[in-house]
Amino acid sequence: MEGPAVQAAQAALQEVLKRFPKESEGQCAFSAKALEVVIGQEAGWYFVRINRRVDRCPGFGSGVTGLETDWFELYAVSPEGKLERYPYQP
């Protein structure tokens, strides 16, 4: 991956981690270990999808329901580096 793609992925990943509940800090299901980053580019924009992969955590971790196994966040990163969250609610 090229540098700007890595920066876009890192910015989106950090935004997702900030949105997790503070009381869940330190739990695998609410960490980068449980997240998968998929990135694409079109017309200078990067599109970053963060998939939750709680299956990477033993026992799926506490506080995680079966419905959350299909959870994801979607972001767009402009050529100038501005991060925008797609208003999707599963």
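All values reported here derive from a predicted model rather than from experimental measurement.
In this structure, the separation between CD1 on Ile50 and CZ on Phe72 is 11.5 Å, given to the nearest 0.5 Å.
Using a 4.0 Å cut-off between charged side-chain N and carboxylate O, Arg49 and Glu73 make no salt bridge. Taking the charged nitrogens against the carboxylate oxygens, Lys18 and Glu15 do have a contact shorter than 4.0 Å, which makes a salt bridge.
Contacts of Gln41 classified as side chain to side chain contact (heavy atoms under 4.5 Å, CB included), with partners at least two apart in sequence or in another chain: Glu2, Tyr46. By the side chain to side chain contact (heavy atoms under 4.5 Å, CB included) test, Ala32 is found to be paired with Leu17, residues two or more places apart in sequence or in another chain being considered.
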* Start with the C-alpha distance between Val37 and Val48, add both sets of side-chain angles, then the distance that settles side-chain contact (heavy atoms from CB on, under 4.5 Å), and finish with yes or no. => CA-CA 7 Å; Val37 179; Val48 183; 3.8 Å; yes
* To do: Please lay out, stage by stage, how Val38 and Asn51 fare under the test side-chain contact (heavy atoms from CB on, under 4.5 Å).
  => CA-CA 8 Å; Val38 180; Asn51 298 316; 3.8 Å; yes
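Considering every non-hydrogen atom in both Phe20 and Ser31, the closest pair reads CE1-N, 4.4 Å. In this structure, Cys28 and Ala34 approach most closely via the heavy-atom pair O-CB, 3.3 Å. Of all heavy-atom pairs spanning Ala8 and Val77, the tightest one is CB-CG2, 3.8 Å.
Looking at Arg56, its side chain does come within 3.5 Å of a backbone N or O of Leu35 through a donor-acceptor pair.
Follow the hydrophobic side-chain contacts under 4.5 Å out from Val16 and you never reach Phe47; the two are in separate clusters.
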